[in-house]
Enquirer: 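Sharing a structure, written as structure tokens. Questions coming.
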Amino acid sequence: MKTSPEPPSGETGADPAPVLPSPQDPPYTLRSRRDGDRNLSGDLLEISMGPHHPSTHGVFQMDVTLDGETVVQLKPVFGYLHRNHEKIAENTSYLASMPYTDRLDYFNSMTSNWAYAISVETLAGIEVTERAEYIRVIVSELTRLLNHTCLIGFLVMDMGALGTPLMYAFREREKILDLFESLSGSRMMCNYLRFGGCRCDLPPQWLDQAREVISDFEAFLDSFEKLLTENEILMARTQHVGVLEADLAINAGITGPMLRACGVNYDLRKVDRYGIYDRFDFKVPLGATGDVYDRYMVRILEMRESLKILEKALRDIPEGPIVHPKAKLRGFRPKPGEAYGRIEGPKGELGFYLISDGKPQPYRYRVRPPSLINLTILEDMCLGHSVADVVVILGSVDIVLGEVDR
Amino acid sequence: MIDTESIANELKTALPGCGIEFVANPSPSAQSSLLIQGTDLVAVAQWLKDHSEYRFDYLSNVTGVDHLEKTIKEKVKKTQVVDGEEQEVEETVEQTIPGYLEVVYHLYSMPLRHGPLILRARTGNRSNDVALPSLTPIWRSAEFQEREIFDLYGVTFDGHPDLRRLLMWDEFEDHPMRKDYVEPDDYEYEPTPHGPVLERANAHQTPPSTDAPSETQSD
């Protein structure tokens with residue numbers, strides 16, 4: 001099929017009459033939803049993927065314009081899960097927003113907690129105890145493990161591997177979620193961190209259980225890689241698909257494994273060295289071509305580095321208090337001012353920007369959502385690919401709609 | 001940590017005539033910022049991005065902030081002539097600061113690994129047709145975030161390639177993140193009102209009687 005050389009209503013100038021379907025026409029019309037002139041060349045087809053589509057990872061919609069099977073335009077549509085998280089947080093106390101940050105990225109509640117805690121601690125100048133810093137590193141690296149395994153499971157499911165890899169990933173995830181449940185009382189909505197520390201101390205034998213999970217994880221990663229890394233179908237579907245240039249990635253604010261797959265060495269654990277990350281020795285895996293396969297590989301290697309961090313953290317964790325004695329939980333009113341705090345979440349740079357005017361509520365509470373900003377270049381990556389590749393590229397971006405729409 | 005104040009001084013010499021003001025941050029975070037006049041924002045951003053010593057190539061975060069009109073009461077001592085004698089009298093002076101919308105940018109440098117440099121730009125008032133220049137042509141990461149501010153705060157970004165609402169639907173008219181936003185009443189969206197919602201809907205929708213309009217209306 002070819003694009004017709006000129007749009008049908010280009011020169012008439014007059015208001016085009018509404019086209020009513022005649023009896024022999026099919027009972028549907030093909031036209032653009034958003035263009036003002038509502039004209040679309042007959043050779044182009046506009047389809048709306050989502051919001052209820054099994055491969056959009058939630059209620060996310062893409063208006064895709066196709067020439068044959070090739071994508072010529074892709075516009076993401078947001079807002080189906082919008083609940084104005086920021087406005088709600090501006091009407092409650094600082095502490096009351098902590099459980100609500102769990103719902104942003106409901107896969108990684110621990111890292112969302114940490115990003116918020118680190119922002120409030122920067123704003124109010126609260127220090128964190130040694131033991132709590134270790135616990136934070138342990139839970140956030142465990143979160144990275146479960147996010148990356150499940151993401152890879154979803155990614156290969158989008159390519160048609162319907163059950164096996166995802167179920168393997170979920171089995172491992174469940175072990176980590178069991179750890180979180182015994183620690184915080186909840187599998188996913190952990191609400192575990194507090195300003196200046198953590199909510200409660202580790203239960204007895206928790207460290208031993210965690211060591212066991214981690215030693216199993218190493219073997220699981222080996223078998224997972226054996227299944228996938230050199231799999232012919234996975235390589236054919238992902239190599240040179242959705243290539244992203246490093247310059248564009250930096251300019252568009254892409255962060256996390258997406259950015260590092262383009263070969264840009266920017267990991268906030270190394271750059272900011274927040275918490276106690278300066279005590280750990282780990283490498284930052286980088287990709288070379290920036291395609292979907294690199295994103296897959298970067299995540300696998302990142303998990304292996306996380307295991308190293310976890311081993312050391314579980315060995316070195318000291319005894320001591322879990323909340324800094326000077327941290328105030330009730331009646332907390334930071335001095336007027338503002339602060340931006342950020343951490344390296346599993347999906348990218350997760351930041352919170354807070355403005356205080358001395359009241360118990362933040363005057364401004366802003367989430368910097370990595371999932372939303374990583375979608376900026378979705379169209380650039382998808383142009384020229386087929387619809388089946390769009391599904392794979394979107395899967396490799398790693399979004400959670402709770403965070404995109406907030 | 002970079003020295004925001006020295007960057008402000010360098011900017012003033014490099015771009016004379018630009019409105020640049022240093023804003024201190026009294027909180028323990030000490031993240032001070034630069035207040036840039038809206039018309040000079042693009043020039044300042046381009047300079048910061050291209051300068052070999054700073055190279056702010058990564059715009060991390062764009063935030064909208066709403067500031068309502070404020071009245072500040074200040075006590076001022078004045079000398080006044082009372083009964084032929086000069087006396088010091090305290091007087092309360094009310095000063096009104098008009099409301100404005102503010103956009104805050106957090107800049108980092110990926111190759112040099114420093115930041116954040118915080119820029120802020122303010123609109124003149126908080127009416128519905130306020131505009132600031134868009135930074136999307138310089139940093140693409142502003143694309144969705146400026147759309148979000150346009151959506152939730154009502155700031156128009158001149159030069160944005162695709163300025164539409166991001167989170168709310170296209171037909172929505174208000175800007176929910178503004179501090180004086182009033183939620184719509186239930187009856188406006190309830191298709192089959194009943195109970196107290198129906199009462200409110202009836203009170204709202206009954207047209208006032210033409211004979212005696214003042215008597216039928218009640219609060």
Side-chain angles (χ1 to χ4, degrees), chain A residues 34 75-84 86-87 90 119 121-126 246-255 259 264-266 270-272 334-342 349 351-356 363-364 366-369 372-377 380 404-406, chain B residues 23-33 49 55 57-68 70 102 104 106 108-116 118 120 136-145 147-149 151-152 162 164-170 172 176-179 181 183:
Chain A
R34 301 209 173 262
K75 293 285 172 210
V77 182
F78 305 100
Y80 290 98
L81 214 57
H82 180 56
R83 63 251 186 228
N84 221 337
E86 295 175 1
K87 186 94 176 178
E90 282 168 21
S119 308
E121 283 153 10
T122 321
L123 178 70
I126 304 171
D247 290 346
L248 177 64
I250 294 173
N251 193 259
I254 309 303
T255 43
L259 176 73
V264 183
N265 186 353
Y266 196 73
K270 290 276 190 192
V271 175
D272 283 5
K335 282 181 201 158
E338 60 174 56
Y340 178 66
R342 55 179 196 163
E349 175 186 329
F352 282 80
Y353 175 57
L354 300 164
I355 300 182
S356 163
Y363 185 77
R364 180 74 175 98
R366 150 94 178 153
V367 190
R368 187 232 184 245
L372 172 71
I373 295 166
N374 285 357
L375 284 174
T376 310
I377 35 72
D380 303 59
V404 171
D405 290 341
R406 280 160 295 136
Chain B
V23 183
N25 186 353
S27 86
S29 76
Q31 293 174 351
S32 45
S33 49
K49 193 188 173 194
R55 288 169 77 186
D57 55 351
Y58 168 41
L59 171 62
S60 164
N61 186 24
V62 187
T63 313
V65 189
D66 183 12
H67 293 276
L68 292 170
K70 262 192 286 191
E102 189 177 55
V104 185
H106 287 77
Y108 289 87
S109 166
M110 276 194 191
L112 301 178
R113 299 193 166 192
H114 58 207
I118 306 168
R120 5 175 46 101
T136 310
I138 300 175
W139 292 291
R140 209 142 147 231
S141 51
E143 185 180 342
F144 285 169
Q145 305 190 63
R147 270 179 70 186
E148 187 183 323
I149 295 168
D151 183 358
L152 303 180
D162 183 24
R164 290 180 282 127
R165 280 186 181 272
L166 183 82
L167 296 169
M168 307 301 280
W169 54 102
D170 289 345
F172 191 76
M177 277 300 283
R178 288 205 182 184
K179 290 279 176 189
Y181 172 73
E183 283 173 43

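Computed from heavy atoms alone, side chains included, the values below leave out hydrogens, waters and symmetry copies. In what follows, every chain begins at residue 1, and chains take the letters A, B, ... in the order their sequences are listed. From a predicted model like this one, the values you see are computed outputs, not experimental measurements.
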Enquirer: What part of I118(B) gets within 4.5 angstrom of chain A, counting heavy atoms only: side chain, backbone, both, or neither?
Expert: side chain
Enquirer: Relative to chain A, which segment of V62(B) carries a heavy atom at a distance below 4.5 Å: side chain, backbone, both, or neither?
Expert: backbone
Enquirer: With a 4.5 angstrom heavy-atom cut-off, could you sort out which part of L248(A) is near chain B: side chain, backbone, both or neither?
Expert: side chain
Enquirer: Could you tell me whether a side-chain N or O of Q31(B) sits under 3.5 Å from a main-chain N or O of Y340(A), the two making a donor and an acceptor?
Expert: yes
Enquirer: Counting heavy-atom pairs under 4.5 Å with chain A, which one of S33(B), A142(B), G64(B) comes out on top?
Expert: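 Heavy-atom pair counts peak at G64(B).
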Enquirer: Which region of D247(A), side chain (C-beta onward) or backbone (N, CA, C, O), has a non-hydrogen atom less than 4.5 Å from a non-hydrogen atom of chain B, or is it both or neither?
Expert: neither
Enquirer: Identify the two heavy atoms, one from V404(A) and one from L167(B), that lie closest to each other, and give their separation to 0.1 Å.
Expert: O-CD2, 4.3 Å
Enquirer: Kindly give the heavy-atom pair with the smallest separation between S27(B) and G337(A), and that separation in Å.
Expert: CB-CA, 3.7 Å
Enquirer: Looking only at heavy atoms and a cut-off of under 4.5 Å, which of L123(A), L375(A), I126(A) has the most pairs with chain B?
Expert: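 The answer is L123(A).
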Enquirer: Less than 4.5 Å to any heavy atom of chain A: does that hold for the side chain of N25(B), its backbone, both, or neither?
Expert: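 Interface part for N25(B): side chain.
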Enquirer: What residue in E121(A), E338(A), K335(A), E86(A) has the most heavy-atom pairs under 4.5 Å with chain B?
Expert: E338(A)
Enquirer: Check the pair E349(A) / Y58(B) against side-chain hydrogen bond (donor to acceptor under 3.5 Å, both in side chains), numbers first and verdict last.
Expert: CA-CA 12 Å; E349(A) 175 186 329; Y58(B) 168 41; 2.4 Å; yes
Enquirer: What part of A124(A) gets closer than 4.5 Å to chain B, counting heavy atoms only: side chain, backbone, both or neither?
Expert: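 Just the backbone, heavy atoms under 4.5 Å.
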Enquirer: Heavy-atom distance under 4.5 Å between the side chains of Y363(A) and H67(B), does that happen here?
Expert: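 Yes, close enough: below the 4.5 Å cut-off.
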Enquirer: Does some side-chain heavy atom of I355(A) sit less than 4.5 Å from a side-chain heavy atom of T63(B)?
Expert: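 They are not in contact (no side-chain heavy atoms under 4.5 Å apart), so the answer is no.
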Enquirer: With chain B, which of G125(A), P334(A), G79(A), A252(A) has the greatest number of heavy-atom pairs at distances under 4.5 Å?
Expert: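 So the answer, after comparing G125(A), P334(A), G79(A), A252(A), is A252(A).
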Enquirer: What part of D151(B) gets closer than 4.5 Å to chain A, counting heavy atoms only: side chain, backbone, both or neither?
Expert: neither
Enquirer: Can you tell which part of T255(A) gets under 4.5 Å to a heavy atom of chain B, answering side chain, backbone, both or neither?
Expert: side chain
Enquirer: Check whether any side-chain heavy atom of R366(A) sits under 4.5 Å from a side-chain heavy atom of E148(B), and report yes or no.
Expert: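 Yes - at least one pair of side-chain heavy atoms lies under 4.5 Å apart.
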Enquirer: Could you check which of K87(A), R406(A), K270(A) has the highest count of heavy-atom pairs closer than 4.5 Å to chain B?
Expert: K87(A)
Enquirer: Just wondering, are more than 12 heavy atoms of other shown residues or ligands nearer than 6.0 Å to CZ in R55(B)?
Expert: no
Enquirer: Between S60(B) and R342(A), is there a side-chain donor-acceptor contact under 3.5 Å, judged purely by atom types and distance?
Expert: no
Enquirer: So what's closer than 4.5 Å to chain B heavy atoms on I373(A): side chain, backbone, both or neither?
Expert: side chain
Enquirer: Please determine, among V264(A), N84(A), L81(A), the option with the most heavy-atom pairs under 4.5 Å with chain B.
Expert: N84(A)
Enquirer: Rounded to the nearest 0.5 Å, how far does CD1 of I250(A) lie from OG of S109(B)?
Expert: 9.0 Å
Enquirer: Considering all heavy atoms of both residues, which atom of P76(A) and which atom of F144(B) are nearest to each other, and what is their separation?
Expert: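 The answer is CG-CZ, 4.0 Å.
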Enquirer: Below 4.5 Å from any heavy atom of chain B, which atoms of L259(A) appear? Answer side chain, backbone, both or neither.
Expert: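 Only the side chain of L259(A) comes within 4.5 Å of chain B.
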Enquirer: Considering only heavy atoms, which portion of N251(A) lies under 4.5 Å from any heavy atom of chain B: side chain, backbone, both, or neither?
Expert: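 Interface part for N251(A): both.
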Enquirer: Answer whether the closest heavy-atom distance between the side chains of R164(B) and V77(A) falls below 4.5 Å.
Expert: no
Enquirer: Roughly how far, to the nearest 0.5 Å, is the CZ atom of R147(B) from the CG atom of L372(A)?
Expert: 9.0 Å
Enquirer: Measuring heavy-atom distances to chain A, does K179(B) have an atom under 4.5 Å in its side chain, in its backbone, in both, or in neither?
Expert: both
Enquirer: Taking side chain as C-beta onward, heavy atoms only, is D380(A) less than 4.5 Å from R140(B)?
Expert: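 Yes. Closest side-chain heavy atoms under 4.5 Å.
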Enquirer: Decide yes or no for R364(A) and E102(B): does some side-chain heavy atom of the first lie under 4.5 Å from some side-chain heavy atom of the second?
Expert: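 No, side chains not in contact.
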